[in-house]
Amino acid sequence: MFLNLLIILVGIVLVLWGADRLTDGAVGIAERMHIPEIVVGLTIVAVGTSMPEFCVSLVSAIKDTPDLAVGNVVGSNIFNTLLIVGVAALSAPMTILKTTVGKDIPFALVASVILMMMCFDGEIGRWNAAVLFVLFLIFMFMTLRGAQVKKSEMEHDSEQMQSERKTKVAMSPLVSVVWMIVGLAALIGGSNLFVEGATKAAASLGVSQAVIGLTIVAGGTSLPELATSVVSARKGNSGIAIGNALGSNVFNILAVLGITGLVAPMHIQGITLTDLSMMVVSMILIWFFSFTKYTIERWEGFVLTAVFIGYMTFLVIHA
């Protein structure tokens, strides 16, 4: 058991380090190509923080552990919405943009409901996956199309984020490409270790792969979002914090499961209606709290965090 936990830990470190290097390299190339900062922030950086979920879920599906793949996405979304937004709000009240309340949150909620409906028959086939991926393309088109409209609202947040990344990235094209390759290799290698360790840990503990995916795997792959959102909230950049969490939720469902399902259709057994309902309820809570003066207050962050702890306790008791 100790060896399995050690393998999981090494896998987490490799996945997170690899995602960071891959994102740095991609941002470095984007800056050299003079791609607008707002586009970099809404695409490369957002996708980069979700690469751990993508690689772990894809490897899980290929290795015929679909409950781990879907549990990772469902669990990560619950982590993002309840724990990450909750902890970030506890750190500092979060101001929500009207466009986020009007478009981003509803889109993430609809994606969650669609996934729940697709899981009713216990399978995410290639047609289901194709629908998810097409919805992802539509979301990206809407996001990039609205980038200029939101630019004035997000200008301060975007410039802050990019200035921080520039001080860290500033590298030549060759170094950028090398970091992308090294980061991708670390992601793949770490994902393999992570899935192998989690699968064996589930067998050793006598619990389902779904529970491991909803807890240990989801928590590990959500670390980039947690770090980014909490730091952004503490610096007063709440737009980045909430946008990062919501963007990752949409990416996890539509892109991660969309691409994963196209590569390897998944038969789901251990993901329950309770788990899927919690994912949907967490989005409804965020939407409800966002309408109160377009701010998530500290007490609301406490409620989100408390609901998350209650759900984790439920999983552990019933494991």
Side-chain angles (χ1 to χ4, degrees), residues 1-16 18-19 50-80 115-116 118-130 132-133 184-223 248 251-276 278-279 312 315-316 318-319:
M1 186 59 201
F2 175 77
L3 181 59
N4 291 330
L5 292 176
L6 182 61
I7 291 174
I8 291 174
L9 180 61
V10 172
I12 289 175
V13 172
L14 275 174
V15 165
L16 299 184
S50 290
M51 283 304 291
E53 286 91 342
F54 173 70
C55 288
V56 170
S57 289
L58 182 61
V59 171
S60 297
I62 292 174
K63 288 192 171 185
D64 198 26
T65 54
D67 280 348
L68 203 61
V70 180
N72 174 37
V73 167
V74 173
S76 291
N77 282 17
I78 293 172
F79 265 82
N80 289 345
L115 176 60
M116 183 169 68
M118 286 182 174
C119 290
F120 282 159
D121 62 356
E123 181 178 4
I124 297 181
R126 284 195 167 91
W127 280 109
N128 297 131
L132 293 176
F133 189 66
L184 184 60
L187 272 169
I188 295 172
S191 298
N192 273 287
L193 285 176
F194 200 173
V195 172
E196 182 180 346
T199 304
K200 290 181 179 178
S204 300
L205 293 171
V207 300
S208 68
Q209 293 175 3
V211 171
I212 294 294
L214 288 163
T215 54
I216 297 175
V217 177
T221 56
S222 293
L223 286 176
S248 293
F251 184 85
N252 288 346
I253 294 175
L254 302 183
V256 171
L257 290 184
I259 297 174
T260 299
L262 286 171
V263 174
M266 295 168 283
H267 297 277
I268 309 160
Q269 294 180 336
I271 307 299
T272 66
L273 183 59
T274 301
D275 304 318
L276 295 166
M278 180 55 66
M279 176 180 64
M312 285 293 111
L315 283 182
V316 172
H318 289 79

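All values derive from a computational prediction rather than experimental measurement.
- Here the shortest heavy-atom pairing between G125 and P265 reads CA-CB, 4.2 Å.
- The heavy-atom pair separating A129 from G258 by the smallest distance is CB-O, 3.2 Å.
- Taking CG from L276 and OG1 from T272, the interatomic distance works out to 6.5 Å, rounded to the nearest 0.5 Å.
- F120 and L273 make their closest contact through CE2-CD1, 3.7 Å (heavy atoms, listed as atom of the first residue, atom of the second, distance).
- For the atom pair N77 CG and I253 CD1, the distance stands at 4.5 Å (nearest 0.5 Å).
- Here CG of L3 is found 9.5 Å from OG of S204. Values are rounded to the nearest 0.5 Å.
- Under the rule for a side-chain contact (heavy atoms from CB on, under 4.5 Å), the partners of I268 that lie at least two apart in sequence or sit in another chain are D67, V70, C119, I124, I271.
- The two residues M312 and L214 make their nearest non-hydrogen contact at CE-O, 3.9 Å.
- Nearest heavy-atom pair, R126 versus G261, reported as atom, atom and distance to 0.1 Å: CG-O, 3.7 Å.
- Between the side chain of S60 and the backbone N or O of T65 there is no donor-acceptor pair closer than 3.5 Å.
- Here the CZ-CD1 distance, from F133 to I259, works out to 5.0 Å after rounding to the nearest 0.5 Å.
- Side-chain contact check for N252 and S76: no donor-acceptor pair (N or O, by modelled atom type) lies under 3.5 Å.
- Partners of A255 under the side-chain contact (heavy atoms from CB on, under 4.5 Å) rule, at least two apart in sequence or in another chain, are F136, F251.
- Among residues two or more places apart in sequence or in another chain, the ring pair (Phe, Tyr, Trp, His ring centres under 6.0 Å) test is passed with F54 by none.
- In terms of the side-chain contact (heavy atoms from CB on, under 4.5 Å) criterion, residue partners of I62 (sequence neighbours excluded) are, by chain and number, L58, V263.
- Listed by first and then second residue, the side chain to side chain donor-acceptor pair (under 3.5 Å) pairs involving residues 255-269 amount to none (not counting sequence neighbours).
- In plain terms, the two heavy atoms of L115 and M279 that are nearest each other are CD2-CE, 3.8 Å.
- A distance of 7.5 Å separates CD in E123 from CG in N128, rounded to the nearest 0.5 Å.
- Within the structure, salt bridge (charged side-chain N to carboxylate O under 4.0 Å, His left out) pairs that include any residue of residues 256-276 do not occur (at least two apart or interchain).
- Atom CE of M118 is separated from atom CE of M266 by 10.5 Å, given to the nearest 0.5 angstrom.
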Q. Taking it one step at a time, do S57 and N72 satisfy side chain to side chain donor-acceptor pair (under 3.5 Å)?
A. CA-CA 7 Å; S57 289; N72 174 37; 2.9 Å; yes

